[in-house]
Structure formats: structure tokens, C-alpha cells
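Atom set for the values below is all heavy atoms of this structure, side chains included, hydrogens, waters and symmetry mates excluded.
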Amino acid sequence: MSDAPFRPFETQLDEAQALRILQDATAGAEDGELFLERRRSEAIVLDDGRIKTASYDASEGFGLRAVKGEVAGYAHATEISESALRRASETTRLAVGSGGGTLAPPPKGTNVRLYGDADPMADAAFAAKIDILKEIDAYARSLDRRVIQVSATIAAGLQEVEILRPEGLRLADVRPMARMNVSVVVEENGKREQGGTGGGGRHGLAQLLEPAFWQAQIREALRIALVNLHAEPAPAGMMDVVLGPGWPGILLHEAIGHGLEGDFNRKATSAFAGLMGQRIAAPGVTVLDDGTIPNRRGSISVDDEGTPSGKNVLIEDGILVGYMQDRQNARLMGVAPTGNGRRESFAHIPMPRMTNTYMLAGQDSPDSIVASLEDGIYAVGFGGGQVDITNGKFVFSCTEAYRVKNGVVGAAVKGATLIGDGATALKQIRAIGNDLKLDPGIGNCGKAGQWVPVGVGQPTLMIGGLTVGGSQR
């Protein structure tokens, strides 16, 4: 596959002919588009002093969609050609039937560019990346004799998108992505613990390869591992919890964010369905989904339907004021699309998805919030979790947490899980810090089998009455 810029209407398709096929496929429909994509990515993984994997992937293709009411016809192919497009048109027409629909107004174009279009994979030669991974391994082991294993991943990619709409509007976006993850395993007296971290975003890879960056990541991963090496079993029971800023916003993303996506609310399967304009959170709680932050992992100049990305307020001072919408669900709900129509690739249909979801800062100092915690847990790092969208119930595991009594941070605890439901947790927020922080740029979100990059963030929060699962009573 060529490294030349992706220009499908210059090299593979005649634009006028492609538009005619698209218009035939969407005649009598209410919406639709031709989505063309080329994606290239690479990942190099070092584990225990050896290069474990080195992969390079390249793909290109198109997806053709026609929408009428709640029904969407979708066909995709890895061959970008007029003949493949005509075959796809026959499939998408099945959703339109006898027609009768009127095309929705097209999205407004934008000249906003939230990131550069340079190829992150070109920032360093393959051999140089291998050398840096070996340096990471050596540096981690030099910091502490208890380090027995080091893992590191360097990943980069470039997604190039062209969108053609039935009214003739044509949009393009070039989306870079770079990421580095590091983890260490330490051992002392036969006991092992792991710590990990990373960073990235829609920018070049070069800044992640600077020693100042990856050395800081290694030191942080080592710190987390050593904290857990001496951690005590977590307590169990109902208690107040203070969440640290930044990455703990993943709990907000999962427990609340998915429930505010348009499709779940249109179908009344969300715990927040039918609550527009009502109080669903404590006063002072304002939550946004914002895809317009430059260079952030979850940001997109335009979504995968061509709608410009937006800074959308979902909850304002505790009141539900908005949902995240793609074009289909927005039309069916009688509201405007919000720039949240996203898809994993040309082989997937778009749906409402989060971009960068975060809670705005409050007035409280983080120290005062922790000091006001009489008996509970201070959780600053999170791992995996599970959420039921229909009722908002969640279970999240903590990767770094501390016992707090009478406002004093005590011993680290391990094995802590936080259990609750998003609707209740929102109303039990008792303090909001003035230290809003976004995550370091490592998040992915799964929905209906599709994965997209996202961002999260929040200030320090106190939430009352969460169930903490642990082994100590």
C-alpha cells in the first residue's frame, strides 16, 4: 500500500459516478453516505528484555449506508472500485424499500483542524524504536533491584477518511495517533506486584520517544508497583470514597457516559431515559463530552458522518440537558446531531459514541476533600470494570488506593473494587475539587463490538455511600 496521501476520487473512483451511485442507493431514504478509509498502524512490544511482537497493519475500503426511519442498510468492501460500489448499492437499497423519505439536511462543513496530519510512524526508524524499547528496559532495571520484568509498547497509526454525501458534500479528515505504554513487575521476599502507565494522543510519536517522557513513565509505573508491594488487603463494606483526578474519570465514562448516548435513550433502555430537564446529579456537577480539544486521543475534527465535532454539555449543575447524538438518532428524537457519530472502521456502521468525556472542576481543594473523609477509601488508579447500561450498575477495580481514617491517608490497599450505580452515585457526590485533570491518552471504548479511542477526565471527587468490595472486614 502506498504512503502517498489517500485520494480515492483521484486514483480509484470517478467522483461524479460515485455520487450518482450513492444518490441511487439513497433515493427515498432519509440519510446515508459513502465512507472511504485507509488506515495504517504499527505496534512494537518489548517484554522481559525481548521484542515480543512487531506488527504492521494496512487496510482500506468503503462503507455505503442508506437510512430510513430506524432501519439502516449497510454494505462494505475492501475493494474501492465502481463495480464494488454498485454491488454495495444493491444491498443498501433494501433498507429504503419503496422510498418515501426526505433526505435530512447535510452537516455543516468546517475548516477546524484539531491535530496535524503528519504520519506518526515516520517520526523514527524501526531500528531506533527498538533501541528505545531496550533503553526503557535497561532504565527500569537500573532504578530498583526488585524490578524483575519490564514491558513496553510503542504504537502509532494514521487513519485517512473521505466522506461523500448524497447532496454532493465531500469531507476529509486525516487522524494521527501515537501511544506508549509501560509496566514493571517487582518482587520482594517472594511477593510480586505490577504497576503500569502510559500516554499518547493525536500527534506525532516523536514526543513520546524523548527520554524525559518515557523515563517519567517508568518511574511512575515503578512507584505504583512498589506501593502495591506493601499494600494491605482492602476493607469491605459501605463507605465514602474519594476519587483522584484524571484517569479515574473512566468510572464517569462507563457508569454515566454510555447511559447518555442517544440510541439508548431513544430506545428507553438507559437509566437516564425520559429524564431530560430533571435533576440527575448533585448541584455543582457539570459533565461535558468534548471532541474539540486539540491533539487529545478522543478528539475528531469531524465525526464519521461528516458532522463537526462539538463541545456538548450533558449535565449542567446537576440537571440533564443533553444526550450524545449521531444523525439517525438525533433525527428520530427531533434534535440536532452533536458530532458523536463514530465507527471503528469502514466495515462498521456509525452509532452515538463518546469522545472526551469529563466533569468540570468545582471549588474545593483536593486536600480539604481528603481531610473531610472520616472513614473510607482514596482511589487514584483504576483498572477494568463492568457496567449494565439499563440500570447503570457498575463494578470497578482499583489499581492504586489508600485507606483513610479521620482525614489521614494511611496504608495502601489492594484488591479494592467499587460497586454502585451511576444514577445514585451522581446524586451522592459531596465534594468537587478544583483540580480538573484529563487522562494521559490511553483510553479505548467498546460498544456493540466496536472499539474507538476516547478520553476521560475529572477533578478530585468525594462520593458517599459506595460499596467497597475487599477481603478485610
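- Counting heavy atoms from C-beta outward, Y323 and M333 have side chains that approach closer than 4.5 Å.
- Across every non-hydrogen atom of P350 and G341, the tightest pair is CB-C, 4.4 Å.
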*Test log, rule side-chain hydrogen bond (donor to acceptor under 3.5 Å, both in side chains), inputs T92 and S89*: CA-CA 5 Å; T92 59; S89 175; 4.5 Å; no
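- A distance of 10.0 Å separates CD of E60 from CD of E37, quoted to the nearest 0.5 Å.
- Residue S83 holds its OG atom at 9.0 Å from CG of L85, rounded to the nearest 0.5 Å.
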*Checking salt bridge (charged side-chain N to carboxylate O under 4.0 Å, His left out) for the pair K447/D263: CA distance, chi angles, key distance, verdict?*
CA-CA 12 Å; K447 176 180 175 181; D263 49 353; 3.0 Å; yes
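- The minimum heavy-atom distance linking I300 with G339 is given by the pair CD1-O, 3.8 Å.
- Annotation for L64 and A88: closest pair CD2-C, 3.9 Å, computed over non-hydrogen atoms.
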*Before giving the answer on salt bridge (charged side-chain N to carboxylate O under 4.0 Å, His left out), spell out for R296 and D439 the whole-Å C-alpha distance, their side-chain angles and the decisive distance to 0.1 Å.*
CA-CA 9 Å; R296 293 296 302 177; D439 78 282; 3.2 Å; yes
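- In E167, the CD atom is crowded: over 12 heavy atoms of neighbouring residues, nucleotides or ligands sit closer than 6.0 Å.
- A cation-pi arrangement is absent between R65 and F35 under the rule of less than 6.0 angstrom and at most 45 degrees off the ring axis.
- Counting heavy atoms from C-beta outward, R175 and V161 have side chains that approach closer than 4.5 Å.
- Listed for the T11 side chain is a donor-acceptor partner under 3.5 Å among the backbone atoms of R7.
- R179 places a side-chain heavy atom less than 4.5 Å from the side chain of R297.
- With D388 contributing its side chain and G392 its backbone, the two residues share no donor-acceptor pair below 3.5 Å.
- Aromatic rings of H348 and H76 (six-membered ring for Trp) have centroids beyond the 6.0 Å cut-off, not under it.
- At a threshold of 4.5 Å between non-hydrogen side-chain atoms, the residues V241 and V468 count as touching.
- Proximity of a side-chain donor or acceptor of D240 to a complementary backbone N or O of G465 within less than 3.5 Å is detected.
- Judged by distance alone, the side chain of E33 and the main-chain N or O of G63 form no donor-acceptor pair under 3.5 Å.
- When all heavy atoms are compared, the tightest approach of M359 to I429 is CE-CD1, 3.8 Å.
- A distance of 14.0 Å separates CG of D31 from NZ of K68, quoted to the nearest 0.5 Å.
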_CA sep, side-chain torsions, deciding dist, call: I80, L36, side chain to side chain contact (heavy atoms under 4.5 Å, CB included)_ = CA-CA 8 Å; I80 301 178; L36 303 111; 3.8 Å; yes
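- Using modelled atom types, one side-chain atom of R279 and one backbone atom of D317 make a donor-acceptor pair closer than 3.5 Å.
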*Go through the steps to decide whether R170 and E15 satisfy the test salt bridge (charged side-chain N to carboxylate O under 4.0 Å, His left out), and finish with yes or no.*
CA-CA 10 Å; R170 181 176 153 190; E15 183 177 351; 2.7 Å; yes
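- Taking 4.5 Å as the limit, every side-chain heavy atom of F62 sits out of range of all side-chain heavy atoms of T78.
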*Worked verdict on Q428 versus T424 for side chain to side chain contact (heavy atoms under 4.5 Å, CB included)*: CA-CA 6 Å; Q428 292 181 332; T424 301; 3.6 Å; yes
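- The pair R331-E30 meets the salt-bridge criterion, with a side-chain N (NZ, NE, NH1 or NH2) lying under 4.0 Å from an Asp/Glu carboxylate O.
- The side chain to side chain contact (heavy atoms under 4.5 Å, CB included) test with T460 is passed by exactly one of N434, I432, I369: I369.
- No hydrogens or angles considered: nothing links the side chains of D367 and S365 as a donor-acceptor pair under 3.5 Å.
- When atom types are taken as modelled, the side chain of N312 and the backbone of T338 share a donor-acceptor pair closer than 3.5 angstrom.
- The CG atom of L46 sits 8.0 Å away from atom CD1 of I136, with the distance rounded to the nearest 0.5 Å.
- A salt bridge is defined here as a Lys NZ or Arg NE, NH1 or NH2 lying under 4.0 Å from an Asp or Glu carboxylate O, and R40 with D119 meets this definition.
- Of all the heavy atoms in G198 and P440, the pair that sits closest is O-CB, 3.2 Å.
- Between L169 and P106, the shortest heavy-atom contact is CD2-CB, 4.3 Å.
- Using modelled atom types, no side-chain atom of R353 and backbone atom of N340 make a donor-acceptor pair closer than 3.5 Å.
- For the pair K311 and D289, the salt-bridge criterion is not met [side-chain N within less than 4.0 Å of a carboxylate O].
- Ionic pairing of E90 and R86 is not present here: no N-O contact between side-chain nitrogen and carboxylate oxygen is shorter than 4.0 angstrom.
- Note that the CD1 atom of I293 and the OG1 atom of T355 stand 7.5 Å from one another [nearest 0.5 Å].
- A donor-acceptor pair is defined here as one N or O able to donate and one able to accept, closer than 3.5 Å; such a pair exists between the side chain of N356 and the backbone of G298.
- A heavy-atom distance below 4.5 Å is not found between the side chains of L466 and I419.
- With a 4.5 Å cut-off on side-chain heavy atoms, F272 and I280 count as touching.
- Here the CD-CZ distance, from Q17 to F9, works out to 12.0 Å after rounding to the nearest 0.5 Å.
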*Going through the checks in order, is the side chain to side chain contact (heavy atoms under 4.5 Å, CB included) test met by L418 and T467?*
CA-CA 6 Å; L418 303 185; T467 298; over 6 Å; no
*Any chance you could lay out the side chain to side chain contact (heavy atoms under 4.5 Å, CB included) test for W214 and V182, step after step, and finish with the verdict?*
CA-CA 8 Å; W214 57 258; V182 298; 5.6 Å; no
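- Remark: side-chain polar atoms of E316 are not paired, donor with acceptor, to backbone N or O of T286 under 3.5 angstrom.
- With hydrogens and angles disregarded, no donor-acceptor distance shorter than 3.5 Å links the side chain of D421 to the backbone of F394.
- Taking the side chain as every heavy atom from C-beta outward, W247 and T197 never approach each other to under 4.5 Å.
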*Please lay out, stage by stage, how E305 and R342 fare under the test salt bridge (charged side-chain N to carboxylate O under 4.0 Å, His left out).*
CA-CA 7 Å; E305 300 176 301; R342 305 188 67 189; over 6 Å; no
